[in-house]
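The figures here come from the full heavy-atom set of this structure, side chains too, leaving out hydrogens, waters and symmetry mates. All of these numbers come straight from a predicted model, not from anything done at the bench.
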Amino acid sequence: MGEIHALRNMDDDEVFAYAKRIAAPYNLVMQTKQLGRLPVVQFAAGGNRYMVMEAFIDTAGKGQSDPLILTQLNSTKAIRDSIQINFGECGLAACLGSLQGIYELYSSIVKSELCVIRVSREDHQKVWAAITMVRSIGKIPVSFNLRDVSGSIRACKKAALECEEAKFEYYKLAAGDRITPKFVETMESCFNKD
C-alpha cells in the first residue's frame with residue numbers, strides 16, 4: 001500500500017518515469033493512481049469473454065526482409081497450434097468450438113498490434129495461457145500481452161482505444177518538439193471518434 005500512496009502524490013511526469021522504471025503499462029499505473037488501488041477486472045454474466053491482446057512483433061536483427069503482417073488467419077493458427085502443443089489434442093478439441101477467432105485488428109503506433117479475441121467463459125483461461133506461450137508466427141518472433149478481459153466487445157474496444165491513447169502519449173513524450181501540432185490534432189481527432 002505504501003507504493004500506491006506514494007503513487008497518488010506523484011505528478012504525471014513522475015508517474016511516467018515510475019511506470020517506465022517498473023516496466024508497467026503507463027495507463028495501468030495512471031489508473032492505479034486515480035483509483036488509489038489496483039484495478040480489478042470485472043466480468044459480465046454472459047457466456048463469452050473478449051480478450052484484448054497486444055502482439056509485439058520483432059523483425060529487427062532476424063534477417064527478415066518482409067515485416068510480419070498479423071492477420072486473423074496466421075494469428076488463429078498460431079493460437080490453435082499453441083493450444084495443441086500445451087494442452088494436447090483433447091485440449092484443442094475442447095477449445096475449437098469456443099475459440100471463435102480474432103474479431104478486430106488494430107494497427108498500432110509502435111511495432112505492436114492489438115486484437116480482440118472471442119472465447120467462451122469456460123475456456124478463456126486456457127486460451128489466454130496458450131496465447132502467452134506463442135513465441136513466433138512463422139519465423140518472426142512475437143509475444144502477446146493481455147491488455148483487458150471483458151464480457152462485452154464494447155468494453156474491449158474501449159480498452160483497446162485507451163491502450164492506443166496511452167501509447168500515443170508515450171510517443172509524444174519521446175518525440176518531443178519533433179512532432180507537429182497538425183499530427184497531434186489528427187491523432188486526437190481519431191481518438192475522439194465514437
Side-chain angles (χ1 to χ4, degrees), residues 22-28 31-32 38-167 194:
I22 66 170
Y26 173 75
N27 60 337
L28 179 64
Q31 186 177 11
T32 302
L38 289 171
V40 179
V41 176
Q42 300 291 325
F43 290 108
N48 291 318
R49 293 291 170 254
Y50 298 87
M51 298 184 288
V52 176
M53 301 296 293
E54 184 173 25
F56 295 95
I57 302 162
D58 180 19
T59 57
K62 302 296 180 193
Q64 299 294 329
S65 58
D66 295 327
L68 175 69
I69 298 173
L70 202 60
T71 65
Q72 290 182 351
L73 181 65
N74 62 14
S75 299
T76 303
K77 182 183 180 325
I79 293 166
R80 287 181 178 172
D81 290 348
S82 180
I83 293 170
Q84 183 175 4
I85 290 167
N86 294 294
F87 297 101
E89 294 289 333
C90 292
L92 178 62
C95 289
L96 278 180
S98 98
L99 177 64
Q100 296 162 6
I102 297 172
Y103 269 120
E104 304 194 24
L105 295 168
Y106 300 90
S107 292
S108 181
I109 295 167
V110 296
K111 289 192 178 184
S112 68
E113 293 192 21
L114 293 176
C115 53
V116 177
I117 301 168
R118 179 177 158 193
V119 66
S120 74
R121 180 177 54 197
E122 295 80 23
D123 293 325
H124 87 276
Q125 289 180 328
K126 186 186 305 178
V127 172
W128 177 7
I131 291 169
T132 59
M133 291 184 233
V134 171
R135 294 293 171 244
S136 65
I137 295 179
K139 294 181 181 180
I140 310 254
V142 65
S143 63
F144 287 90
N145 181 32
L146 180 72
R147 300 302 301 218
D148 188 61
V149 177
S150 180
S152 74
I153 191 74
R154 178 178 287 164
C156 273
K157 284 182 177 181
K158 181 180 178 210
L161 184 61
E162 288 171 357
C163 178
E164 288 302 299
E165 288 174 338
K167 284 186 205 172
D194 289 345

Is the side chain of S136 donor-acceptor paired with the backbone N or O of P141 at a distance under 3.5 Å, no angle test?
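Not confirmed, S136 side chain does not pair with P141 backbone.
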Which pair of heavy atoms, one from [X] and one from [Y], lies closest together, and at what distance?
{"X": "D148", "Y": "A155", "value": "OD2-O, 4.1 Å"}
{"X": "M133", "Y": "S82", "value": "CB-OG, 3.9 Å"}
{"X": "F87", "Y": "A129", "value": "CZ-CB, 4.1 Å"}

Would you indicate whether the side-chain heavy atoms of R147 and M53 approach each other to under 4.5 Å?
no
Any side-chain heavy atom of I79 within less than 4.5 Å of one from I117?
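They are in contact (side-chain heavy atoms under 4.5 Å apart), so the answer is yes.
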Could you measure the distance from the [atom1] atom of [X] to the [atom2] atom of [Y]? Nearest 0.5 Å is fine.
{"X": "R121", "Y": "N48", "atom1": "CZ", "atom2": "CG", "result": "9.0 Å"}
{"X": "R49", "Y": "S150", "atom1": "CZ", "atom2": "OG", "result": "8.0 Å"}
{"X": "L92", "Y": "D81", "atom1": "CG", "atom2": "CG", "result": "8.5 Å"}
{"X": "I137", "Y": "F144", "atom1": "CD1", "atom2": "CZ", "result": "4.0 Å"}
{"X": "H124", "Y": "R118", "atom1": "NE2", "atom2": "CZ", "result": "15.0 Å"}
{"X": "L146", "Y": "I131", "atom1": "CG", "atom2": "CD1", "result": "8.0 Å"}

